[in-house]
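Note that ligands are numbered from 1 as they come in the structure, with each ligand's atoms numbered from 1 the same way.
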Amino acid sequence: MTSHDVAVVGAGMVGAALALALAREGFDVAVLDAREPPPWRAGDEVDLRVVALAPSAADLFGRLDVWTSIASARASPFRRMRVWDALAPGELAFDSAERGEAALGWIVENRLIQHMLWRALAADGRVALRVPARVVGTTADGQWRTLALDDGTSLRARLVVAADGADSALRDRLGIAVRERDYHQRAIVAHVATERAHQATAWQRFLPGGTLAFLPLADGRSSIVWSVPEREAARLLALDDAAFCAELGAAFDFRLGRIVATTPRAALPLRLRLAERYLAPRAVLVGDAAHVVHPLAGQGVNLGLRDVAELVATLTAARSEKRDFAAEYTLRRYARRRRSDDTLSAHAFDAIQRLFGSAAPPLAALRGAGLALVDRLTPLKRALVRHAAGR
Ligand SMILES: Cc1cc2nc3c(=O)[nH]c(=O)nc-3n(C[C@H](O)[C@H](O)[C@H](O)COP(=O)(O)OP(=O)(O)OC[C@H]3O[C@@H](n4cnc5c(N)ncnc54)[C@H](O)[C@@H]3O)c2cc1C
């Protein structure tokens, strides 16, 4: 049995970033994942799963020395945002120049981020990477948590971190329940070519029943995330490309002209999920294992990376003060801070989803007035941008 300071279970974008950050701080880290991530190659078609990374995420990747490789490979900065509503007048406009920043964020493939993080992990001699590996049992006693793995071996660590995603099996094994709300919606994702250029702008239109985002890609196309009720998703997926492009163009108010081409589409189920606790003896949760939020604000992985930054700061501070970095009293600070920020964000996105998803006339009027008002209130707008940027 090997012994480590920290064992990270799940090396998606969040788990891999955490493992790398802790290794760079001198912790002895083991990281395991059920599978190798699919490779990322520059010549491949842009993967359908992309995220809008906030400046705080880019800062973290910068500190981990992976941002330059990500940004130069295939990241697309967006400098402006336009948000408007199908049922009411008023528009919210953000511009990175107002904050003196180069960009409001970057659109990057999940696969590219994970690829660069795994490359850095493999190059870092201090990280024990175990793939494929699954946890089949876990116990905590005193100073250690032990993980029994599916290959018959075990390892133990002072702290085990569950980073194994929304359906975290480790969270279940730790006996941590989740609160869940099924939106009964699916997010249709595809990359589309439009008649007019995307202008390095992230566009979002609220529609009765869902939201539609156009996110600018480096090759001039836009990546769409279209949240619709489940039955509507099935109907849209069954359309041929021409009919889908026509419906998409109309739903987007033809802001970028006609939709002239689309890739094959995929659809992902949408849920709100919050772990009731982030802490168990000698274990914590991070990323989607702890919280799954509606994608309308493009914040899911950004929140996960804020978990990473907070956890690394908590562990390093405890160690430098010669305290037990994995003791419950140390980790309580991490759990309290992150759970309250994640919960607040999740409920805010949930409220926006409900408010804008309703076609009831008083609500429609209220939100139209709201967008126009927020747009005129410079300090509030600044605060919104600051929060979305993770500053
Ligand atoms: C349509 C859509 C659009 C989105 N857009 C954005 C956006 O614009 N911005 C944003 O910030 N977020 C966005 N998100 C959210 C974002 O994709 C997630 O928050 C993010 O992928 C979560 O990362 P993670 O590393 O926590 O989990 P995951 O990416 O799920 O990684 C989990 C890892 O654990 C491994 N694993 C799973 N089970 C086991 C096991 N039993 N044992 C060992 N390993 C295991 C997996 O192989 C994987 O490597 C979006 C989500 C959706 C659905």
Report yes or no: do Tyr278 and Asp342 form a side-chain donor-acceptor pair below 3.5 Å? yes
Decide whether the shortest distance between a heavy atom of Ala133 and an atom of ligand 1 is less than 4.0 Å. yes
Does ligand 1 have a heavy atom under 4.0 Å from the side chain of Ala34, from its backbone, from both, or from neither? both
Name the residue from Trp84, Trp203, Phe252, Phe254 that meets the ring pair (Phe, Tyr, Trp, His ring centres under 6.0 Å) definition with Phe214. Phe252
For ligand 1, which is the ligand I care about here, please tell me if Gly298 has any N or O atom under 3.5 Å from one of the ligand's N or O atoms. yes
Min N/O separation Ala187 to ligand 1 under 3.5 Å: no
Residue, atom name and distance, where the atom is the protein heavy atom closest to atom 45 (C) of ligand 1: Asp164 CB, 3.8 Å
Donor-acceptor side-chain pairing of Thr314 and Arg337 below 3.5 angstrom: no
With heavy atoms under 4.0 Å as the rule, classify the contact between Ala11 and ligand 1 as side chain, backbone, both or neither. backbone
Any Val135 heavy atom less than 4.0 Å to ligand 1: no
Purely on distance, is any nitrogen or oxygen of Val286 under 3.5 Å from one on ligand 1? no
May I ask you to decide if Asp324's main-chain N or O and Thr330's side chain share a donor-acceptor pair within less than 3.5 Å? yes
